[in-house]
Number of protein chains: 2
Amino acid sequence: MPDTPPLGLRDRKRIETRLRIETAAVEIVTAEGLDGATVDMISERADISPRTFFNYFESKEDAILGTQDMGEVQRAIAAGVASAETDDLVAAIVSTMFHIFGPMAARTQLKTQRMALVQEHPRLLSRQIHQFTQLNSTMAAAVVEFLTKRESTLPRDPEHVAEIAVATCVASVRIAVKEWIAAGATADIDSMYLRAMGLTRETLNTLT
Amino acid sequence: MPDTPPLGLRDRKRIETRLRIETAAVEIVTAEGLDGATVDMISERADISPRTFFNYFESKEDAILGTQDMGEVQRAIAAGVASAETDDLVAAIVSTMFHIFGPMAARTQLKTQRMALVQEHPRLLSRQIHQFTQLNSTMAAAVVEFLTKRESTLPRDPEHVAEIAVATCVASVRIAVKEWIAAGATADIDSMYLRAMGLTRETLNTLT
DNA sequence: GTGCATTTTTGCAGTCCCTGCAATTATTGC
DNA sequence: GCAATAATTGCAGGGACTGCAAAAATGCAC
């Protein structure tokens, strides 16, 4: 972790502008819908020229989703899963996800609105899923490590089983988050975690 | 299953035109890259006007992916899952997927090139995920119907459990298909089906 | 502060994707 | 052949996005 170097005025302005664009994008899309919001509108509210918009983001969708620094997150998740205290794989995966993403989801107006938009617009969801694709394989690798350490009998194809296991848990978390948003994003994070766990268990029950 | 009604000239031409567009799209993108291929080029090679292109496909990406009318597929899947002979939910989902998609996966030059393109261009992958998202919710609804009919004790949240169950099965099928392609797409479909079932079982075992 | 190098912002022209509309052409059932 | 229906097409236009070069802002010496 390199400590923050002192930012000059230039960099501070750049960060602030970026945030202004993200905020404007989320607000306008919330109000006007995904197709109703134009880059011109967003730029105007963010107080920049339309051309500058594309200096900050490659596409309208990217601005709405904001920027994810996935490298950091990936390392954290891998470490979290592999070093989980429990022997329960589901708990290891789900709790790690909440430990990593929970703090990021600290309720700012921006993040909450953004999550709602992702639920609402499939186009955004698929783009986000795509961003998360790399993350899934990282998680799968961590799960393999988890299994190698704890399970006396490994499944025949640890890697593939791990991928499916991750898919299952991620789906549960996604649903729990969706419910959380639908309920107004008021409940605390812990209850969302418990909900995701419960859903997974019920599903496993139903499938076996 | 309604037996094939005799197709008139009109319908035959439509099917043929659609195929011509898909082929032209894949060929040109293969040659020129995703951004180098324009709708105008594709239309010219397919011998239609650019405007007609958009009568067949919503977007350039859809033409490359060869998006079938998902409505048809969705109805088939819903019917397949709901009317499965088995009481095993996993078998119902996985076997329905293979029954619907198996025949579509017959190996052609077109399909092989298409799969390569999807690997190569993240944007196409993103779009494909989008298509699958719609399909997933249809399947989830069918699973709810399945559960309502067969299970004496329904889970507390049938819809959500169904979504997670579908995610799990779809992930298994995806892996089985990936293996199949990696192995040169030579083995028969049935072995792929058995593989997907086996993977799911192993995963459920590991998770519980 | 002043001057100079670097970075950022901006306008502009242009390409491409995609849509609605209305005219034209092709197929179908009679 | 003739009307009904469906497919194709051209056209006008909006919106996303890019390259380029001018203009403004910033950083850094002095």
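Here is how names work: the chains are called A, B, and so on, in the same order as the sequence lines, proteins then strands, and each is numbered from 1. Being a predicted model, the structure only gives us computed values, none of them experimental.
A:T138 meets the side-chain hydrogen bond (donor to acceptor under 3.5 Å, both in side chains) test with A:Q74; sequence neighbours excluded. Residues satisfying the salt bridge (charged side-chain N to carboxylate O under 4.0 Å, His left out) criterion with B:R123, sequence neighbours excluded, are B:D35, B:E61. Partners of B:F53 by ring pair (Phe, Tyr, Trp, His ring centres under 6.0 Å), not counting sequence neighbours: none found. In this structure, A:E202 has no side-chain hydrogen bond (donor to acceptor under 3.5 Å, both in side chains) partners at least two apart in sequence or on a different chain. Considering only residues two or more places apart in sequence or on other chains, A:Y56 meets the ring pair (Phe, Tyr, Trp, His ring centres under 6.0 Å) condition with none of them.
For residues 180-190 of chain B, the set of pairs meeting the salt bridge (charged side-chain N to carboxylate O under 4.0 Å, His left out) definition, not counting sequence neighbours, is empty. Sorted by first then second residue, the side chain to side chain donor-acceptor pair (under 3.5 Å) pairs that include residues 91-100 of chain A, not counting sequence neighbours, number zero.
Of the options B:K13, B:R12, B:R20, a salt bridge (charged side-chain N to carboxylate O under 4.0 Å, His left out) to B:E16 is made by B:R20 and by none of the others.
One can place CD of B:E44 at 12 Å from P of D:dG10, the figure rounded to the nearest angstrom. If you measure from atom CD of B:E16 to atom C1' of D:dT8, you get 15 Å, rounded to the nearest angstrom. Nucleotide D:dA7 holds its P atom 13 Å from the CD1 atom of B:I21, rounded to whole Å.
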Can you tabulate the close N/O pairs, meaning under 3.5 Å, that link protein atoms to atoms of nucleotides 16-18 of chain C?
{"from": "C:dC17", "atom 1": "OP1", "to": "B:V39", "atom 2": "N", "distance (Å)": "3.4"}
{"from": "C:dC17", "atom 1": "OP1", "to": "B:K60", "atom 2": "NZ", "distance (Å)": "3.2"}
{"from": "C:dC17", "atom 1": "OP2", "to": "B:V39", "atom 2": "N", "distance (Å)": "3.2"}
{"from": "C:dC18", "atom 1": "OP2", "to": "B:K60", "atom 2": "N", "distance (Å)": "2.7"}

Exercise. Could you write nucleotides 7-14 of chain C as a row of B, S and -, 5' to 3', where a protein heavy atom under 4.0 Å of any base atom gives B, of only sugar-phosphate atoms gives S, and otherwise -?
Worked result: BSBBBB--
